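Written out below as structure tokens is the structure these notes cover.
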Amino acid sequence: MAKFFDIKLRSYIFDKYFKGVWFGEYLENTHNFWVSPERLVQNNEKAIFSFNDSWKVNLPQTKEFWLDFVFGFESELLEVLAKMEFEWVSIDSEKLAKIWEEIEIKTKKIEAEIYEVVWEKFNINSAKQVQEILFEKLKIPTSKKIKTGFSVDNEALSFIAKDYAIASLILDYRWLQKLQSTYVQWLLKVINKQTGKIHTTYNQIKTSTGRLSSENPNLQNIPSGDFFSDEIKSCFIPSSPDYEILVADYSQVELRILANLSGDPELTNAFLNSEDIHNKTAKFLFWENTTITSELRRRAKTVNFGVIYGISGFGLSKTMNVSMAEATEYINKFFEKYSRVKTYYENVLEKARQTGYVETFFGRRRYINWLNDANRIIKWQAEREALNMPIQWTSADIIKLAMIKIDNFLKEKNLKSKLIMQVHDELVFEIHKTELQLVQKEIREIMENIHNFPIKLLVDISIWENWKKAKE
DNA sequence: ACAATGGTCC
DNA sequence: ACTCGGACCATTGTA
């Protein structure tokens, strides 16, 4: 284990991770660990587990992850995460309360409009009741079928919104309701009364792709992009007027990693020439259009991300709302243009079938079990995971390394600035105003040079008086 | 308590 | 028999 200089911090970490759950016997094929609720015994900096087979939990990590957890940089990251959690995040609760009021008023208004249209009161939050109103009472044509009838999700409602005002009203209502219940209300609830701050928990061991997760509250899915979302984000403030919020954001990190891993010349050139990668994809996907509108760029972006996520014609057609034939054509065009990506993917799968695992750029492994399964659905699922994992986990590793290095830097120089949040490819800091130049420069330096890739990593840095979304 | 549905983020 | 990777959370409705 890493040596923790602070006894309080150390006991916090042991509490958090090792009190109830520790790895005992590892079962190679299922990623299952036999664990026990027994206390851990602390002995010479080592956690020793007292066995008891009364519990079994399913943790997604492989044996390699746990080895790294103990001997590699995950243990150093543990300390950084604990410090972030200790610091907490300041929030402007008065402003948040005001937003709550505003949203409440708007919601009431839209609610009344909806009731007026249908001449009836019903619970708009209930999918079942919305189904009844739309499809039975108003006889609106249905689209997507689900288990219990016809879907009334965003996609289905958007589809009929141009003909039926009620659909767009419900969409508006839902959006506000979502913001209110999941974000504003939840944040207000978890603000600590004494400190006025919020306290999230970062989980290091819950995802199967090496990313962190955040809960109670989840700070990694705060919405952005529209008026109220930005209002909510602006409630995240520095802990004192001496600080400012710095957001450091890896630019297109997963596509850059894909370019580095595959060595595809087209992708590589695009990044070396600082082209807009989504525009580039759009240009040959929709070649018949001379100008690339923002809509076409958005669709090309979906294709680009689809490739990272392990593409399939069916899935892409669903997210892009096009026919399967059209989606398949986009995929074919993509692989035609970026042909080395295709070879790279084939090689990954080939190697995975032979060895049973895929690995990240830094050599971490994940064992994939169902690559030769007789059931096609299972097999394809395994293939998608196999293709996505090296990319997503490599980028997760990169930002984790950056967090450790930046923390070491701040510690060594005895600076006041602090890392306060992580959102997958984005780090959020509180920077003391006197340290602004120095720290900003160093953060960029560290993040961009985690590894000397042929295609450099790029970081966008922006400084705000509160937490706004950094530009894409 | 739990399943189904829906929605937000990278 | 109908799938794009990874997360967390709310509400309703059924058990």
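Letters A, B, ... are given to chains in the order of the sequence lines, protein chains preceding strands, and every chain is numbered from 1. Keep in mind that the numbers below use all heavy atoms, side chains included, and drop hydrogens, waters and symmetry copies. Keep in mind that what you see is a predicted model, and the values were worked out from it rather than measured.
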Phosphate-side-chain proximity, A:Ser312 and C:dC2, N/O vs OP1/OP2 below 4.0 Å: no
OH on A:Tyr345 to CG on A:Leu258, rounded to 0.5 Å: 5.0 Å
Centroid separation A:His424 to A:Tyr250 less than 6.0 Å: no
Distance-only donor-acceptor test, A:Ser126 side-chain atoms vs C:dT12 base atoms, 3.5 Å: no
Shortest side-chain distance from A:Ala127, nucleotide among B:dT8, B:dT5, C:dA7: B:dT5
Integer-rounded Å distance: B:dT8 P and A:Gln220 CD: 17 Å
Aromatic ring proximity A:Phe361/A:Phe453, centre distance under 6.0 Å: yes
Residue-phosphate contact under 4.0 Å: A:Arg384 side-chain N/O, C:dT3 OP1/OP2: no
For atom CE of A:Met320 and atom C1' of C:dT3, their distance in whole Å: 16 Å
Side-chain N or O of A:Asn125 closer than 4.0 Å to phosphate OP1/OP2 of C:dA10: no
Centroid separation A:Tyr164 to A:Phe159 less than 6.0 Å: no
Heavy atoms from other residues, nucleotides or ligands near NZ of A:Lys106 exceed 12 (cutoff 6.0 Å): no
Closest to the A:Lys178 side chain, choosing from B:dC10, C:dC9, C:dT12: C:dC9
A:Asn218 side-chain N/O to C:dC9 phosphate OP1/OP2 under 4.0 Å: no
Gap between atoms CG and C1', on A:Leu187 and B:dC9 respectively (whole Å): 14 Å
Nearest to side-chain heavy atoms of A:Asn123, which nucleotide of B:dC9, C:dG5, C:dT12: C:dT12
N/O (side chain, A:Arg211) to phosphate O (OP1/OP2, B:dC10) under 4.0 Å: no
Nearest-Å distance for atom pair CG/C1', residues A:Asn304 and C:dG5: 15 Å
Spacing of A:Lys144 atom NZ relative to B:dT5 atom C1', expressed in whole Å: 10 Å
Nearest-angstrom distance from the residue atom CD of A:Glu426 to P of C:dA7: 20 Å
A:Ser214 vs C:dC8: side-chain N/O to OP1/OP2 distance below 4.0 Å: no
Euclidean distance, A:Trp393 CH2 relative to A:Ser208 OG, rounded to 0.5 Å: 7.5 Å
Nearest-nucleotide pick for A:Gln177, side chain only, options being C:dC9, C:dG6, C:dT11: C:dT11
Listed nucleotide nearest any side-chain atom of A:Tyr309, set C:dA10, B:dG7, C:dC4: C:dC4
Listed nucleotide nearest any side-chain atom of A:Ser213, set B:dT8, C:dA7, C:dC9: C:dA7
Nucleotide of C:dT11, C:dG5, B:dA4 approaching A:Gln392 most closely (side-chain heavy atoms): C:dG5
A:Ile308 CD1 - C:dC4 C1' separation (whole Å): 11 Å
Selected nucleotide, minimal atom distance to A:Gln381 side chain, candidates C:dG5, C:dC9, C:dT3: C:dG5
Atom-pair distance (CG on A:Asn221; P on C:dC8), nearest Å: 10 Å
Base C:dC4 paired with A:Thr319 side chain (donor-acceptor, <3.5 Å): yes
Interatomic distance at P, B:dG6 relative to C:dT3, whole Å: 15 Å
Side-chain N,O (A:Lys128) to OP1/OP2 (C:dT14) below 4.0 Å: yes
Separation of the C1' atoms in C:dC4 and B:dC2, to the nearest angstrom: 28 Å
Nearest listed nucleotide, side chain of A:Ile377, among C:dT3, C:dG6, C:dC9: C:dT3
Geometric class of the A:Tyr338/A:Phe284 ring pair [parallel <30°, tilted 30-60°, perpendicular >60°]: perpendicular
Candidate nucleotides B:dG6, C:dT3, C:dG6, ranked by approach to the side chain of A:Thr207 - the nearest: C:dG6
